[in-house]
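Chain naming here is simple, since letters A, B, ... match the order of the sequence lines and numbering starts at 1 in each.
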Amino acid sequence: MKYELLDPDVRLMMRVREGSAVAYEQLVERYQLRVIQFFQNSVSAALAEDLAQEVFLRIYRAREAYQPDARFATWLFTIAHNVASNAIRKLAQRKEVQVESADSQARVSLDALAKASSGLMPSRQLDRQELSQVVKLAMNGLNERQRTAILLSKFENLSYQEIADAMGLTVKAVKSLLSRARLNLRDALQPYMNQGVNPGRFGQSPTTDDEDLDDTDLSDE
Amino acid sequence: MNEREPEEIDVDEDLVAYLDGELESDRIAAVEERLSRDPVYRARLKELELAWSALDGLPTGEPTAVFVKSTLELVVADIQKEQSKLQRKTTAYWATALALAVIPFLCLFVSFSVTQYFRKAEQRRFLRDLDVIENFEMYGKVDRDIEFLEMLDQNGLFVGEVTNENK
């Protein structure tokens, strides 16, 4: 009853349970971008739409048994996490993507990119696309669970408890997982912070002067 | 990645939880007190915040214009598949029910027919042997064996009744 009152998406899903195609369409429209982006960043851009459709199909199939005992997003991303895990496992089995080596390749690429940009052209500013690539590489350097926890926390604003429910972990495990993930992310982006590049500018248009850079000493050396 | 001491791990976990608003209330004061006096600790917090905000730069793809439409079509196809599966199941169910209802009657009919057949066979044999049975005493006086009598029968010599005049 609590989630029915607090979460409008739960109410929509209950209408889907009663057979409303319109309510289902609304849910798909509301969540399509978030679910696709989740798979783009946790599995692969090429498979993101297919995997997202798999999630929405599973939601429809489960409609009759749906119980509003959590926020709708928590339930949806529980399904998404399962779909992502299965996809990553299948990809690894088919050897289409060497998952472990992709992580280490990402770290090597990130290091190379950092050295190249700092060594060759120290004052060169990374453009938006490069910054985006840097962050993407940093994320790819995390393992699957760390990536998932980060995406659910950052983009879906799920609480630790909700992330725990979605991933089948304890809250303590989520706290530890997120801590390691964020520290790994910080370590991966450290070279850019050391250059004085403000990663907070990522996602913004690059500027030609340094007025918006943070003057705080970011290095802990 | 760098190896960290256990105490350092706890400190980092507390910092991350603090940033996420998930730190236990009894530990918040300790974290805030340390932040206020320790510049290195403050710098660590800042780095974590910056790395976190960097995620806003992740590539964001847009779904194709037909994503919703194709998802709905997928659902419709799934429903149709479910319905035809249900229909096949229903047909199989009724076929099985009908078979189960008919089989006992079929068995009864077959057993009745077989019983009738053997009963009639017995009756036919009885009718065939009726002449012999009726005149059994007389045939018993014939000073020949059964093969002789069978030969006479095969030649059609046992025709009609044997009367007392013929004794």
Name, in order of residue number, those residues of residues 75-114 of chain B that have a heavy atom at a distance of less than 4.5 Å from a heavy atom in chain A; otherwise write 'none'.
B:V75, B:D78, B:I79
Do any of residues 18-31 of chain B come closer than 4.5 Å to chain A, heavy atom to heavy atom, and if so which ones, in number order?
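The residues closer than 4.5 Å to chain A, in numerical order, are B:L19, B:D20, B:E22, B:L23, B:E24.
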Straight-line distance of A:N157 CG to A:K154 NZ, nearest 0.5 Å
8.5 Å
May I ask you to say whether B:D14 pairs ionically with A:K175, meaning some side-chain N is under 4.0 Å from a carboxylate O?
yes
Identify whether the distance between the nearest side-chain nitrogen and carboxylate oxygen of A:E156 and A:R34 falls below 4.0 Å.
yes
Less than 4.5 Å to any heavy atom of chain A: does that hold for the side chain of B:L72, its backbone, both, or neither?
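Contact with chain A: side chain only.
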Contact check, side chains of [X] and [Y], non-hydrogen atoms, under 4.5 Å:
X	Y	answer
B:R44	B:D12	yes
A:L51	A:F38	no
A:F72	A:F77	no
A:L183	B:L48	yes

For the candidates A:E29, A:Q161, A:E49, A:E25, which exhibits the highest count of non-hydrogen atom pairs separated by less than 4.5 Å from chain B?
A:E49
Is the A:W75 ring parallel, tilted or perpendicular to the A:Y66 ring (thresholds 30°, 60°)?
tilted
Part of A:Y60 within contact of chain B (heavy atom distance under 4.5 Å)
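Side chain only.
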Which region of A:A45, side chain (C-beta onward) or backbone (N, CA, C, O), has a non-hydrogen atom less than 4.5 Å from a non-hydrogen atom of chain B, or is it both or neither?
neither
A:S153: side chain to side chain donor-acceptor pair (under 3.5 Å) partners, not counting sequence neighbours:
none
Sorted by chain and number, sequence neighbours left out, side chain to side chain donor-acceptor pair (under 3.5 Å) with B:D129 holds for none
Within a radius of less than 6.0 Å around CZ of B:R37, do more than 12 heavy atoms belonging to other residues, nucleotides or ligands occur?
yes
